[in-house]
Amino acid sequence: MSPQVANPPPSRSSSRPRLNSLAADLQSTWEYTTPLRTEHERRAALVELDALVAVWLGITADQLFAIFKSRYPQLHDYESVTYFDANGRKIAGDFNTYGHGQTKQDYLDLLAHLDNPATTPPPPGYTSPFYKADREAEMRAAHAHFQARLDAEIAVGRWSPPEPATADA
C-alpha cells in the first residue's frame, strides 16, 4: 500500500485523520460552523451512532459487524472502494456513492496517484493523504470507546443495567 494512504491503527481518536471531535464546537443554535460539515464527519457520526446503539442494546462488536456485513452487503461493497482526502472529501469507485462533485475520472486519477504518488498528483480538488474507509475497524473502535464509557458509569454506580425480562410460564 502506498505511503499516501493513511490507515492508522484503530482507535476512536486516531482512526480518522484530521477529523475534528464531533461535539467540539456545539452551540445552542445551528450555525455554519456547526460540526459535520464534511462527508467524512457525517459518515463518522453514522458509524458512531451504530456503535452507540449497539452498546445500548447489548450487541457486541462482533455481532454489530456481522449484522452490518449480512444486512448491508451493498454498503459494504461501496465502502470497499471509498477513500477520504485530508479535508474530509469523499472519493469513491462506485458511481452510486460518488462524493460531492466527484467524477469517474477523479477516482481513476486517485488510483494512479496511489500507485505512484511521487510522479502522479492527486486528483484536482483533492488533498493527500487519503484515508481508505474501513467501517469494521471504525465500528470496533467506536464500540470499544462507548462500551468503556458505559462500563465506567456502571463501575462507579451512576448507571445500572436493566434486569432481563422474565417470561411468565
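What you see is a predicted model, and the numbers here were worked out from it, not measured in a lab. What you see below is based on every heavy atom in this structure, not just the backbone, and it leaves out hydrogens, waters and symmetry mates.
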**Q** Let me confirm one number: the CZ-CG distance from Arg158 to Leu150, rounded to the nearest 0.5 Å.
**A** 11.5 Å

**Q** Given the side-chain rings of Tyr131 and His40, with only the six-membered ring counted for Trp, is the space between their centroids under 6.0 Å?
**A** yes

**Q** Under a plain distance cut-off of 3.5 Å, with no hydrogens placed, do Thr82 and Lys132 share a side-chain donor-acceptor pair?
**A** no

**Q** With rounding to the nearest 0.5 Å, note down the distance linking CG in Asp94 to CG in Leu75.
**A** 11.0 Å

**Q** Decide, yes or no, whether a salt bridge links Asp62 with Arg140 under the criterion of side-chain N to carboxylate O below 4.0 Å.
**A** yes

**Q** Nearest 0.5 angstrom please: Arg42 CZ to Leu36 CG, how far?
**A** 7.5 Å

**Q** Just to verify, what does Ser160 make a side-chain hydrogen bond (donor to acceptor under 3.5 Å, both in side chains) with, not counting sequence neighbours?
**A** none

**Q** Which atom names give the shortest non-hydrogen contact between Ala133 and Phe84, and what distance separates them?
**A** CB-CE1, 4.1 Å

**Q** Once rounded to the nearest 0.5 Å, what's the spacing between atom CG of Asp50 and atom CG of Leu64?
**A** 6.5 Å

**Q** Do Ile67 and Leu46 belong together in a cluster built from hydrophobic side chains that touch within less than 4.5 Å?
**A** no

**Q** Is it possible for you to say whether Ile154 and Val156 belong to one hydrophobic cluster, with membership spreading through side-chain heavy-atom contacts below 4.5 Å?
**A** no

**Q** Is there side-chain contact between Pro123 and Ile91, with heavy atoms separated by less than 4.5 Å?
**A** yes

**Q** With rounding to the nearest 0.5 Å, note down the distance linking CG in Asp77 to OH in Tyr72.
**A** 15.0 Å

**Q** Hydrophobic clustering (ILVMFWY, side-chain heavy atoms < 4.5 Å, transitive) - are Phe65 and Leu57 grouped together?
**A** yes

**Q** Checking the side chain of Arg89 only, and the main-chain atoms of Gly99 only, is there a donor and an acceptor separated by less than 3.5 Å?
**A** no

**Q** Any side-chain to backbone donor/acceptor pair from Glu39 onto His100? Under 3.5 Å, distance only.
**A** yes

**Q** Examine distances only and state if a side-chain atom of Lys90 and a backbone atom of Thr38 form a donor-acceptor pair shorter than 3.5 Å.
**A** no

**Q** Is there a side-chain contact between Glu79 and Arg43, using heavy atoms and a 4.5 Å cut-off?
**A** yes

**Q** Following the transitive rule for hydrophobic clusters with a side-chain heavy-atom cut-off under 4.5 Å over Ile, Leu, Val, Met, Phe, Trp and Tyr, establish whether Tyr107 and Tyr78 coincide in one cluster.
**A** no

**Q** If we ignore hydrogens and angles and just use 3.5 Å, is the side chain of Glu41 paired with the main-chain N or O of Arg37 as donor and acceptor?
**A** yes

**Q** Quick one: does Phe68's side chain get under 4.5 Å of His76's, heavy atoms only?
**A** yes

**Q** So how far is it from Tyr126 OH to Leu110 CG, rounded to the nearest 0.5 Å?
**A** 9.0 Å

**Q** Does a side-chain heavy-atom distance below 4.5 Å link Thr103 with Tyr98?
**A** no

**Q** Could you give me the CA-CA distance, side-chain angles and deciding distance for Phe130 and His113, then say whether ring-ring contact (aromatic ring centres under 6.0 Å, His included) is met?
**A** CA-CA 10 Å; Phe130 292 89; His113 171 72; 5.7 Å; yes

**Q** Count I, L, V, M, F, W, Y as connected when their side-chain heavy atoms are under 4.5 Å apart, and connections chain through other members. Are Leu49 and Met139 then in the same cluster?
**A** no

**Q** Arg135 and Val47: which non-hydrogen atoms are nearest, and at how many Å?
**A** NH1-CG2, 3.7 Å

**Q** Which heavy atom of Ser128 sits nearest to which heavy atom of Ala86, and what is that distance?
**A** O-CB, 3.5 Å

**Q** Going by atom types only, do Asn116 and Thr119 share a side-chain donor-acceptor pair under 3.5 Å?
**A** yes

**Q** Consider only side-chain N and O atoms of Gln105 and Asp109, and report whether a donor and an acceptor are under 3.5 Å apart.
**A** yes

